[in-house]
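Working notes, structure below.
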Amino acid sequence: MMVGSGMELVASPVGRRKALLEVLNGSQPWRRPVWFMRQAGRYLPEYQETRRRAGSFLELCDAPELAGEVTIQPLRRFDLDAAIVFADILLVPRALGCDLSFRENEGPVLSRVWSEKDVGGLQCDGMVERLAAVYETVRQVKASLPSHVALIGFCGGPWTVASYMIEGGSSNDRSLARRAAFERQPWFESLIDVLTETACDHLASQIEAGADVVQIFDSWAGDLDDVLRQRYCEEPIRRIVEGLGARGHTTPVIGFARGIGAGHRRFAEVSKVAAVSVEWSVPVGWMASELAPVVPVQGNLDPMAVAVGGPALRRSIEHLVRTMPADRHIFNFGHGVRPETPPAHVAETLHLIRAMDLQAREET
Ligand code: CP3
């Protein structure tokens, strides 16, 4: 059974192109593209219901029909320009043989990697086969999306995934992982190499299954100083982008090196990603004057503004839409939707963006 059965989305008006791809390819979009990180998830009651039906978060990720259903849920409510496949960055270490579980209100727990022997024990052979459910989800969702909606595949940045593997899950300040990075531990460097190659394989498989765009979430890039960031964030992501190109994939890559501030500009230049996703602490004026001339910019509304709603939300949206040029901007949040967000505030956010974008474009 396909995802679409009984849950079709409204078809695109004839001739509607994918606004997200237009911006990523450097052309003028028919409207400013909008999607939201974690647009599928706990703030939606229908997500809670499907997750209950699946049994757990991981069982949901492993069931393509249900994962596909969850991917599409936000698109039934909101007129978004992209869907992001429902999965998790930690499915990759699990496919490499690490134990993974999610405890309620505690986040992920992973078996720890802390030596050359641990890294040597990772099972790269057959990894893509063990991630088959993700590619099947991509395939099913792709078949049910209207033509103007882009489908985004993703993976974690090697540094971020390594930090979860080294810490054995979430941690306060990634101190073990940062220590291993400063010490240039040979096993740490091997781990980064393994995760760079597996990220490339995983993204290539999502592209081959139908992803129009891929995003690399290096959520903890801001942990690394300038020297370490070049070596363990920018260089591995550059290799992933290059590796996809070497396989003949021209699919745009969005890089989310969260928390690197003024570093986004060099990150874009070095890694050659098609766009950078930016955290909310980066000044919007700087994004417009220093970053957008170099690379399209995705971001960076504080998800707290959306959870709160009201006049503060309106002011922050207006600041972004008025400051960022529509042909160099992908409207998004600076990080994922917060679980306490009322869905009506997300609807209001989208409504305000669309109205202000129209007005801004009419004025120019
Ligand atoms: O809608 C989407 O954006 C797609 C789905 C998606 C999930 N995780 C689903 C998820 C994406 C793109 C991710 C990426 C991810 N996963 C990142 C990078 C982005 C970021 O948030 O910084 C990271 C670091 C992870 C690892 C991860 N997964 C953690 C630390 C947690 C627990 C914290 C939390 O938010 O609960 C998860 C669980 C997770 N991944 C949930 C969802 C919807 C919540 C699971 C639940 O239903 O309880």
Side-chain angles (χ1 to χ4, degrees), residues 34-63 66-75 77-78 80 82-94 98 100-110 133-134 137-138 141 150-165 167-172 174 177 195 199 202-203 206 211 213-223 254-260 277-280 298-299 303 332-341 343 346:
V34 185
W35 70 279
F36 302 129
M37 288 189 261
R38 294 272 175 103
Q39 64 191 26
R42 286 166 293 186
Y43 76 107
L44 291 177
E46 59 271 34
Y47 168 81
Q48 305 273 14
E49 163 61 27
T50 311
R51 193 182 73 157
R52 246 192 316 275
R53 200 140 53 93
S56 67
F57 170 67
L58 281 176
E59 286 168 292
L60 176 54
C61 294
D62 289 338
L66 298 179
E69 158 61 22
V70 162
T71 305
I72 284 173
Q73 283 170 349
L75 285 110
R77 285 180 180 254
F78 318 120
L80 296 157
I84 178 160
V85 61
F86 192 83
D88 198 86
I89 64 167
L90 300 180
L91 298 181
V92 166
R94 188 182 62 163
C98 299
L100 171 66
S101 59
F102 283 87
R103 303 211 180 121
E104 206 60 48
N105 304 322
E106 240 182 87
V109 181
L110 269 174
V134 176
T137 305
V138 172
V141 170
L151 179 56
I152 304 172
F154 71 90
C155 71
W159 159 250
T160 294
V161 177
S163 75
Y164 281 100
M165 295 170 80
E167 304 284 340
S170 297
S171 76
N172 282 339
R174 275 79 54 203
L195 294 173
H202 186 39
L203 292 181
Q206 293 176 71
V213 175
V214 291
Q215 175 155 328
I216 302 173
F217 288 87
D218 215 351
S219 304
W220 298 120
D223 279 350
I254 303 174
F256 184 28
R258 188 168 69 96
I260 68 172
S277 198
V278 171
E279 67 278 9
W280 67 78
Q298 175 172 283
N332 204 315
F333 301 156
H335 202 190
V337 182
R338 300 174 62 89
E340 77 272 23
T341 307
V346 177

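First listed ligand is number 1; within each ligand, the first listed atom is number 1. By convention here, the first residue in the shown sequence is residue 1.
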Can an N or O of [X] be found at a distance shorter than 3.5 Å from an N or O of ligand 1?
X      : answer
His335 : yes
Trp220 : no
Tyr47  : yes

Against heavy atoms of [X], which atoms of ligand 1 measure under 4.0 Å?
X      : answer
Phe102 : 28 (N), 31 (C), 37 (C), 38 (C)
Ala87  : 5 (C), 6 (C), 7 (C), 8 (N), 9 (C)
Ser219 : 18 (C), 19 (C), 20 (C), 22 (O)
Phe217 : 12 (C), 18 (C), 19 (C)
Val85  : 4 (C)

Per the side-chain contact (heavy atoms from CB on, under 4.5 Å) rule, which among Val85, Val214, Val213 passes with Phe154? Val85
Check contact between [X] and ligand 1, using heavy atoms of the residue and a distance below 4.0 angstrom.
X      : answer
Leu60  : no
Pro108 : yes
Glu104 : no
Tyr164 : yes

Would you indicate which of Phe256, Phe57, Tyr43, Phe86 comes nearest to atom 39 (C) of ligand 1 when only heavy atoms are counted? Phe57
Note: heavy atom closest to atom 36 (O) of ligand 1, options Gln73, Met37, Gln39, Arg42, belongs to Arg42
Sub-4.0 Å protein heavy atom near atom 33 (C) of ligand 1: no
If we count only N and O atoms by modelled type, under 3.5 Å, do the side chains of Gln215 and Gln298 hold a donor and an acceptor together? yes
To check you understand the geometry: which heavy-atom pair defines the closest contact between [X] and [Y], and what is its length?
X      : Y      : result
Ala221 : Ile260 : CB-CG2, 3.7 Å
Val337 : Arg38  : CG2-O, 3.4 Å
Pro108 : Leu100 : CB-CD1, 4.2 Å

[atom]: nearest protein contact (heavy atom, Å):
atom                    : result
atom 14 (C) of ligand 1 : Ile89 CG2, 3.8 Å
atom 8 (N) of ligand 1  : Asp88 OD1, 3.1 Å
atom 3 (O) of ligand 1  : Arg38 N, 2.7 Å

If you measure from the Lys or Arg side-chain nitrogens to the Asp or Glu carboxylate oxygens, is any gap between Glu46 and Arg77 under 4.0 Å? yes
With heavy atoms and a 4.0 Å threshold, my read on which part of Phe154 contacts ligand 1 is side chain
What do the steps show when you test Arg258 against Asp218 for side chain to side chain contact (heavy atoms under 4.5 Å, CB included), and what is the final call? CA-CA 6 Å; Arg258 188 168 69 96; Asp218 215 351; over 6 Å; no
Would you call the rings of Tyr47 and Phe86 parallel, tilted or perpendicular, taking 30° and 60° as the class edges? tilted
